[in-house]
Structures are given as structure tokens and as C-alpha cells.
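What follows is one structure encoded as C-alpha cells, with my remarks underneath.
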Amino acid sequence: MHFSSTWLLFLGVPLLQASENPGIKMTIQQGAAGLSNQQTIHLQGDRKRMEYRNYMGAKEGPRLVSITRCDLGQAFELNLDTSEYTSRPYPPEPFTKEEIEARGLQISARYVSESPTLRIEITTTDTGERKEIFGHIARHVITTRKQVPLEGSRSGPQEMVTDGWYIDSADIVFHQRLSCDRKWPEGKKGHAFAYLHAAGGNQPIDKPEFVTIGEPETGFALNSVMISKSTYTLPEGTKKQSDSKFEMQVTQFEEGPLDPALFEIPPGFKHVDHIERNPVAAASSTQINNLWQRCKASVASLFNR
């Protein structure tokens, strides 16, 4: 299974806010290459619940739930099929230098050059089209993101076009998160740039520079289609192009009071050190799936700082 590093490049990704009133329940369908998954999210005050499954091809894993409770300073993960759950402090303490090194993680990036070797051009175009979705006026915005190799670059060219309909932040503020989530630096508008390292993880990487054209989109997408094209070089020198398509749609969006029990551990659930998250699979498939889960966890960490 091949996953392009394109999916791990993020710029100004809007975040959800759990406002005091009203509560929000939404269901999100998303996927690529014929594979899709569904998440249901509940937000109320400083509490969040997400319901989902992990997949391995056509095999589906157990029904999972993650609950974040700022008032308790805890995050819980539940396996509804086995009636088990785990808990941990939230927000988690950042890794120490020793823990980072023990996990083989790179503390700081090493660049191939002091000068930029990769240009990221982001062009945002508001088409002017508007329509009502779930009782809110959504705007049609197209964002084109080009990756242009400069002198000394080790990367190939890429282009990613996202065509989406966004809720105006004047209707619902989605940029902030729970009060106990780690905060972004005040007054800074930055670009998140994630890069998948080759085996070894200590090879120098391209140093990016960013060019922004148009006002960056800051709303929340109720539906979007992202098409990516990238060029890469095989070991023998042959150049190949990879095309990808990722679709996301909010299929349910309701506002109103939520049942407090949604954010509680159900009676009879057993506290354990580990819950099973993945479908039963052959050893090789499990290893691939675990790698993908780690990739997703790395991306998720961008939203939990």
C-alpha cells in the first residue's frame, strides 16, 4: 500500500471548536481510492467524543470511541465491542529530549541547504458562489497548492487542488478547539509542513519557502474534493507520476443539547492498559496497518499541540 507524502502536507487546516451552546453532532464520510471511513463527532462545552473504526482493506475493526474531558484533565479510548477502555492525562506532557531520542525521532530538521530548495505556492480563490448547507451559508473556495523544486532540491513537483464548500466563521467559529488543547502561538500565522523521512530518519530534507496568493481559507469544509498529482523518480532514474483523489463530506450536522452520558464511561466497562483497535489480519498486513496508524497519529498530533 502506497501513501503519498502529499497527504501529510498541511497549511492552515481549520480546527473545530466545542462552543458552549449549542452542542454539535456531525458525521463525516471521507476516503480515497475506493476506500472510505466514517466518523461521528459530538462537541459540547469542553467535551468531545469521536466514534470511528479502523479498516484493513475490506476488513473493519471494532467500534471505537475517544472521549476528551477538559474538566477531568483526561482522555479516554473505548472499545465498544469488548466493553473495555483506557485512560490517560490530557493534554499529554510533551516528550523529553531523552524520550525523543529513545524513539528515534528527529529533534530538529537538517536541511540540504541554508537557502530554500523547495517553494510551496498556495493560491486561494473564492469563486463567489454561495449556497445553504445545513442551515448555514457556505462559500465555494478553490485552493491550489504547488510544490516547485528549486536548485538542490531532493523532491519532485507536486500539485494539490482542493475544491470545497466552507461555513463562514461568522456563523460558527471553528478555528479554536477545547480549552485544554495545546494552543498555537499567539499572533502567528504559520504553515505546517510535514515530511515523511526515508528509513533512518536522519537524512537532510528540503528547506521550504512559502508564497501565499489570495486570502487563505479559514472556515470549516462541509464537503471537499482534493486531487493531487506528484512526480517521483525510481531508483533506476525513471520518472513516474502519481495521481490521488481524496473526498470528504459532512453527511449529518445537528445543533442542540447533547446527552451528558455521551461523554461518560458506560457502566460495566473494564479499565485496561491496552485495547484492540485494528481488524484481525495476517502479520504482514497488521504491520502495514500499524505503520499507517502511526502516520495518522503523527498527523493528528498537529491538531493536539
Side-chain angles (χ1 to χ4, degrees), residues 7 10 12-32 35-55 60-72 74-81 85-88 90-92 133-136 138 162 164-169 171-182 184 217-224 226 246-266 275 277 293 296-305:
W7 302 121
F10 288 87
V13 181
L15 305 171
L16 296 174
Q17 178 188 29
S19 57
E20 289 296 339
N21 289 301
I24 295 174
K25 175 184 178 180
M26 71 172 73
T27 300
I28 302 173
Q29 193 78 28
Q30 56 190 356
L35 300 176
S36 66
N37 65 76
Q38 180 176 286
Q39 299 176 351
T40 298
I41 300 171
H42 299 81
L43 297 160
Q44 180 75 63
D46 270 346
R47 303 179 179 190
K48 177 169 62 178
R49 173 189 175 103
M50 183 171 69
E51 304 167 2
Y52 63 102
R53 291 178 187 264
N54 289 331
Y55 286 84
E60 63 179 23
R63 295 173 298 152
L64 302 174
V65 170
S66 65
I67 296 174
T68 303
R69 291 281 302 268
C70 291
D71 56 330
L72 300 179
Q74 292 281 310
F76 306 95
E77 192 170 13
L78 292 70
N79 182 324
L80 300 185
D81 293 345
Y85 76 97
T86 63
S87 63
R88 59 181 172 85
Y90 192 87
I133 306 178
F134 298 119
H136 297 277
T162 302
W165 288 86
Y166 299 81
I167 290 180
D168 195 324
S169 60
D171 294 327
I172 301 176
V173 179
F174 283 105
H175 306 98
Q176 300 177 17
R177 301 166 290 169
L178 301 180
S179 65
C180 56
D181 288 338
R182 292 202 179 123
W184 296 101
E217 176 53 53
T218 56
F220 175 68
L222 289 178
N223 62 68
S224 67
M226 182 167 62
F246 183 87
E247 299 182 70
M248 184 281 292
Q249 182 176 9
V250 176
T251 59
Q252 178 188 30
F253 189 97
E254 299 177 358
E255 298 174 81
L258 299 175
D259 184 352
L262 289 168
F263 308 99
E264 303 283 351
I265 303 299
I275 63 170
R277 301 177 179 86
Q293 296 305 324
K296 290 199 295 184
S298 297
V299 175
S301 68
L302 292 171
F303 304 95
N304 291 312
R305 295 178 180 174

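Annotation: the span from L262 atom CG to K48 atom NZ amounts to 15.0 Å, rounded to 0.5 Å. Taken from OG in S87 to CD1 in I67, the straight-line distance is 11.5 Å, to the nearest 0.5 Å. Here the CZ-CD1 distance, from F253 to I167, works out to 4.5 Å after rounding to the nearest 0.5 Å. Atom-to-atom distance recorded for F76:CZ and T68:OG1 is 9.5 Å, nearest 0.5 angstrom. With values rounded to the nearest 0.5 angstrom, L64 atom CG is found 9.0 Å from L78 atom CG. Atom CG of L258 is separated from atom CZ of R49 by 10.5 Å, given to the nearest 0.5 angstrom.
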(request) Dump the intermediate steps for side chain to side chain contact (heavy atoms under 4.5 Å, CB included) on M26 and F220, then the final yes or no. (result) CA-CA 12 Å; M26 71 172 73; F220 175 68; 3.9 Å; yes
(request) Might you work through the side chain to side chain contact (heavy atoms under 4.5 Å, CB included) test for K25 and Q252, ending with a clear yes or no? (result) CA-CA 7 Å; K25 175 184 178 180; Q252 178 188 30; 3.5 Å; yes
(request) Run the numbers on Q39 and Q30 for side chain to side chain contact (heavy atoms under 4.5 Å, CB included), then give the verdict. (result) CA-CA 8 Å; Q39 299 176 351; Q30 56 190 356; 3.6 Å; yes
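The closest donor-acceptor contact from the side chain of D46 to the backbone of S179 lies under 3.5 Å.
Taking all atoms of both residues into account, the shortest heavy-atom contact from G45 to L178 is O-CD2, 3.9 Å. Of all the heavy atoms in P62 and R277, the pair that sits closest is CD-O, 3.7 Å.
The shortest side-chain heavy-atom distance between D181 and Y90 falls under the 4.5 Å cut-off. Here the side chains of V65 and Y85 are not in contact, with every heavy-atom distance at 4.5 Å or above. Taking 4.5 Å as the limit, every side-chain heavy atom of R47 sits out of range of all side-chain heavy atoms of H42.
The salt bridge (Lys or Arg N to Asp or Glu O under 4.0 Å) analysis of residues 256-266, with sequence neighbours excluded, yields the pairs R69-E264.
Every residue meeting the salt bridge (Lys or Arg N to Asp or Glu O under 4.0 Å) condition with E60, not counting sequence neighbours, appears here in chain and number order: R53. For Q249, the side chain to side chain donor-acceptor pair (under 3.5 Å) criterion is met by no residue, not counting sequence neighbours.
When the options I28, N223, I133, T27 are evaluated for a side chain to side chain contact (heavy atoms under 4.5 Å, CB included) with V250, the one that passes is I28.
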